[in-house]
Amino acid sequence: MADTATPGRAGLPPRPIFPEGSSGIRTVPLGDAALLEEIRGVVSFFLPHPTETYLGMEADAYRALVLAAQEELNRRDTARRLARDRREAICEVLDSDRPLIQTNLYLRGTRPSVEGLQENIGWHRESFYGPDMDQSINFWCPVANVTADNAMRYIPDSHLIPDAEIETSSEPDESVERFSAGHKIGLLYAPKEIVSGVDLSSPKPFVVLPGEVAIFAGHLIHGAATNRSDRIRFSVDFRLIAEESLTTAKQHFASGKSYFEPL
Ligand SMILES: [Fe+2]
């Protein structure tokens, strides 16, 4: 079968590379299942109570709890340990033996039935929010309560749509202050909305079972994962990119380090 790749940039070969029919997603089992247990342990250490306890909490108080768990996961170098576990698949997809990894892992803790507040990220691709991200990949690992009802969704083969064809608009979100706990856990103070260029009418859920991870094109339109279940959905994610694709040095404010480091 032919491969498909995100359109190339001037002077760079097209990458990442996915087999045709894969929709820009590769699902692989983790080699070391103990990693997932450790992440679950950190989450339940900082958020030990039943979901109801967290439903009535103020946004800032809840986000501070998620941030505390995220900081502990970062202290344990969780992103690097997850990525090294699947290094071979990452190098294959990036078509590079010099993968770089985002220095900050995000813990997503999406509560059900939260209205009027940003609790999840809407439809986007990574190049909406950062330079060079057209050639990035996402590493996404479900942690708890990720089901067909509430899994992250994607638009099949949307990684093949050039940036220039997609029109967006941006509105500040009053509930997420810049540099706040909400911003540090990956919520957006100025989310972009897709206005045209992508048919959003037929999304599909990521089918990633406990113990598996998804490696997918940063250019794939994904998100919009409203939690329709009755429990908090937890997952972790971070981005990787081939060293050859990175042209912009950038600091990550949540980690205080370079945005990317060698894996
Ligand atoms: Fe994303």
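Small disclaimer: the values here were computed from a predicted structure and weren't measured. All values below come from the heavy atoms of this structure, side chains included, with hydrogens, waters and symmetry mates left out. Whatever order the structure lists ligands and atoms in, that order sets their numbers, starting from 1. This chain uses plain numbering: 1 for the first residue, then up along the sequence.
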S.K.: Which pairs, with at least one residue in residues 47-68 and sequence neighbours excluded, count as a side chain to side chain donor-acceptor pair (under 3.5 Å)?
M.R.: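 Output for this query is empty, none listed.
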S.K.: May I ask you to decide if the ring planes of Phe139 and Phe238 are parallel, tilted or perpendicular, using 30° and 60° as cut-offs?
M.R.: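 Phe139 and Phe238: parallel rings.
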S.K.: Please collect all salt bridge (Lys or Arg N to Asp or Glu O under 4.0 Å) contacts where either partner lies in residues 71-80, sequence neighbours excluded, each pair once.
M.R.: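 Checked against salt bridge (Lys or Arg N to Asp or Glu O under 4.0 Å) - neighbours excluded - the pairs reaching residues 71-80 are Glu38-Arg76, Glu72-Arg75, Glu72-Arg76, Asp77-Arg80, Arg80-Glu261.
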S.K.: Can you count the protein N, O or S atoms that lie less than 2.8 Å from the Fe ion (ligand 1)?
M.R.: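 Count of protein N, O, S atoms less than 2.8 Å from the Fe ion (ligand 1): 3.
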S.K.: Count I, L, V, M, F, W, Y as connected when their side-chain heavy atoms are under 4.5 Å apart, and connections chain through other members. Are Phe216 and Ile90 then in the same cluster?
M.R.: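 No, separate clusters.
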S.K.: Quick one: do Arg125 and Asp163 satisfy salt bridge (charged side-chain N to carboxylate O under 4.0 Å, His left out)? Show the steps, please.
M.R.: CA-CA 9 Å; Arg125 61 174 28 165; Asp163 265 339; 2.9 Å; yes
S.K.: Please identify each residue that fulfils salt bridge (charged side-chain N to carboxylate O under 4.0 Å, His left out) with Asp237, with sequence neighbours left out.
M.R.: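 Salt bridge (charged side-chain N to carboxylate O under 4.0 Å, His left out) list for Asp237, sorted by chain: Arg108, Arg239.
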